[in-house]
There are 2 protein chains.
Amino acid sequence: MKVAIVDDDPLVRMGLRAIVGSEDGWDVVGEAGDGVDAVALAERERPDIMLMDVRMPGMDGLTATREIIARGIATRVLVLTTFEVDEYVFDAMRSGASGFVLKRIPPADLIESIRVVALGESLLFPSSTRAVIERFASRGLQRLPELTEREEDVLRALARGRSNGEIAADLFVSVETVKSHVASILMKLGVRDRTQAVIAAYESGFVAPGEVSEA
Amino acid sequence: MKVAIVDDDPLVRMGLRAIVGSEDGWDVVGEAGDGVDAVALAERERPDIMLMDVRMPGMDGLTATREIIARGIATRVLVLTTFEVDEYVFDAMRSGASGFVLKRIPPADLIESIRVVALGESLLFPSSTRAVIERFASRGLQRLPELTEREEDVLRALARGRSNGEIAADLFVSVETVKSHVASILMKLGVRDRTQAVIAAYESGFVAPGEVSEA
DNA sequence: CATCGTCTCCCCCGGGAGGGGGAAGGGTTC
DNA sequence: GAACCCTTCCCCCTCCCGGGGGAGACGATG
């Protein structure tokens, strides 16, 4: 298995090389000290996995990850950072990384993490997982007021960008009915217009990105 | 440490009890076979951690988890299921569970998972982590068209539910300017109205739930 | 049986939103 | 300097949206 190491600190690179090199069948195919070099390295060597630092001079690791993914390179990226900044985690996930661990991870666990990621699975450091779950769960905290069944139907339709007329057609009722439902939704949610209602729907977790049914 | 076991299958409960009981200082304080009993058990015994099955007769495990969290019980819930259904994972995260693992996890890893969750951290099964990351990353895939800096400002304002007039005041420009920006945003995104633009902003990851600045 | 809430439908009305067009100044690029 | 884009502003117009009011039918709840 071909492993690439990206970190601006030569000492860290040496340490990682020592850990990775100790495994049978694992081969460090290159090192890079910044994002630009990392992309070039991935392009040239096509490693199976790349250990990627976040904070680096010039192009950072997350931008480099995005670039590698965008170029269609099959290298899987395991982000390895010193700092436990939640935003790093979310950005890393969005950038297409397959894992996120802190450098203070024990070497044995790092080996295991690399193995998991190389198998096509993904993995997050436990405290990062907590942050991710909390972001998911936090939406439930600012709960929506109690809506009737019909109102929920209408709100779901609103969250799909439907107009009153379209919702009426969808639900086989008149536009006036839809308007009255919308009015009570706006009142219950304490918002001004349908746009704010949709925002409330997203923020409360009533609808979540990615679960929109295009139908 | 007090551990509670919830599963509708007595055999599974016995197996879990055997695994948990083998650890020094861990004590199984109760078992439940459905969600209602699980909530009562949590209320009564206040265990440190509860191993929770999803599919059970009557109240399911995720509903029970939501109920336990809603009652302010400090028990941390580790969801344990046979089926790798992605929706289970997202629902579990939303319900407030601290972890999600499959029953086919090796006993040693389960012990370790319980330990991690008991420490206040969280944890997901590797393939579930992949599903979560993919949902995060998928937003980046359906990227928004290139917007100008000003248009991004306006779209952010739209995603906060601001009207044209409010946006004009925010950005110190006239309403007409805002309208022309909104018009070009709608055209670029290929949507009909501001509501659909906000939906596109959420679905593309341009804005994410929880990062709304109320300012 | 009376009451309440939900769902359905209707009227009028004002204002914001969106579509169409145009135009000026400033910046970059060639 | 010409072409182009971005940003800013203006006009006209249409129409959907949202606010106000009201009302009948149905089921549940008391």
Side-chain angles (χ1 to χ4, degrees), chain A residues 59 142-204 206-207 212-215, chain B residues 59 142-204 206-207 212-215:
Chain A
M59 184 190 289
Q142 45 172 124
R143 277 224 178 75
L144 292 183
E146 280 298 313
L147 296 180
T148 69
E149 202 172 329
R150 210 51 167 165
E151 285 163 356
E152 290 191 353
D153 292 340
V154 174
L155 182 53
R156 257 186 295 273
L158 289 178
R160 284 170 43 214
R162 311 288 281 173
S163 71
N164 288 343
E166 289 168 343
I167 298 173
D170 292 347
L171 302 182
F172 304 105
V173 295
S174 77
V175 183
E176 284 73 25
T177 301
V178 175
K179 287 178 68 173
S180 85
H181 286 313
V182 171
S184 64
I185 290 173
L186 297 182
M187 185 166 43
K188 284 185 178 178
L189 301 194
V191 296
R192 184 177 52 200
D193 52 42
R194 61 208 296 108
T195 303
Q196 292 186 348
V198 170
I199 294 171
Y202 272 104
E203 294 299 328
S204 68
F206 179 81
V207 293
V212 278
S213 51
E214 289 298 328
Chain B
M59 183 189 289
Q142 44 172 127
R143 279 227 178 76
L144 293 183
E146 279 298 314
L147 296 179
T148 69
E149 203 172 328
R150 210 52 167 164
E151 286 163 355
E152 291 191 353
D153 292 339
V154 174
L155 181 53
R156 258 185 295 273
L158 289 178
R160 284 171 44 214
R162 311 288 280 171
S163 69
N164 288 343
E166 289 168 343
I167 298 173
D170 293 346
L171 301 182
F172 303 106
V173 295
S174 78
V175 183
E176 284 74 25
T177 301
V178 175
K179 286 179 69 172
S180 86
H181 286 313
V182 170
S184 64
I185 289 174
L186 297 183
M187 187 167 42
K188 284 186 179 178
L189 301 194
V191 297
R192 184 178 52 199
D193 52 42
R194 64 209 294 108
T195 303
Q196 292 186 348
V198 170
I199 294 171
Y202 272 104
E203 294 299 329
S204 68
F206 180 82
V207 293
V212 277
S213 51
E214 288 299 329

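A note on names: the letters A, B, ... follow the listed sequences, proteins ahead of strands, and every chain is numbered from 1.
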If I take atom CZ in residue B:Arg192 and atom P in nucleotide C:dG16, what distance separates them, rounded to the nearest angstrom? 21 Å

Rounded to whole Å, please give me the gap between CG in A:Leu147 and P in C:dC7. 10 Å

Rounded off to whole Å, could you give me the CD-to-P distance for the B:Glu151 and D:dC5 pair? 13 Å

B:Glu176 CD - D:dT7 C1' separation (whole Å): 14 Å

Taking atom P of D:dC5 as reference, at what distance in whole Å does atom NZ of B:Lys188 sit? 10 Å

B:Ser163 or A:Phe172: which one's nearest nucleotide on DNA chain C is closer to the 5' end? A:Phe172

Which nucleotide in D:dG19, C:dG19, D:dC9 has an atom nearest any side-chain atom of B:Ser180: D:dC9

Is the side chain of A:Arg194 donor-acceptor paired with the backbone N or O of A:Arg162 at a distance under 3.5 Å, no angle test? yes

Between A:Leu158 (CG) and D:dG18 (C1'), how many Å, whole number? 12 Å

Mind running side chain to side chain donor-acceptor pair (under 3.5 Å) on B:Ser180 and B:Thr177 for me, showing each step along the way? CA-CA 5 Å; B:Ser180 86; B:Thr177 301; 5.8 Å; no

Would you indicate which nucleotide in D:dG18, C:dA17, C:dC7 comes nearest to any side-chain atom of A:Val182? D:dG18

B:Asn164 side-chain proximity, nearest of C:dG18, C:dT8, C:dA17: C:dA17

Nearest to the side chain of A:Ser174 - D:dG19, C:dC10, D:dC9? C:dC10

From the list D:dT8, D:dG19, C:dC9, which nucleotide is the closest neighbour of the side chain of B:Arg150? D:dT8

Between B:Gln196 (side chain only) and B:Val191 (backbone N and O only), is there a donor and an acceptor less than 3.5 Å apart? no

Closest listed nucleotide, where the reference is the side chain of A:Thr177 and the choices are D:dT7, D:dG19, C:dT8: C:dT8

Nearest whole angstrom, please: distance from the C1' of C:dG16 to the CG of B:Leu186. 14 Å

Given C:dC7, D:dG19, C:dG19, which nucleotide is nearest the side-chain atoms of A:Glu149? C:dC7

Work out which heavy atom in A:Ile185 is nearest to a heavy atom in A:Glu151; give both atom names and the distance. CD1-O, 3.2 Å

For atom NZ of B:Lys179 and atom C1' of D:dC13, their distance in whole Å: 10 Å

Measure from the side-chain heavy atoms of B:Thr148 and tell me the nearest of C:dG18, C:dC10, D:dT7. D:dT7

Hey, is B:Arg160 close enough to B:Glu166 for a salt bridge, meaning N to O under 4.0 Å? no

Counting only side-chain heavy atoms from C-beta out, which of C:dA17, D:dC10, D:dC17 sits nearest to A:Arg194? D:dC17

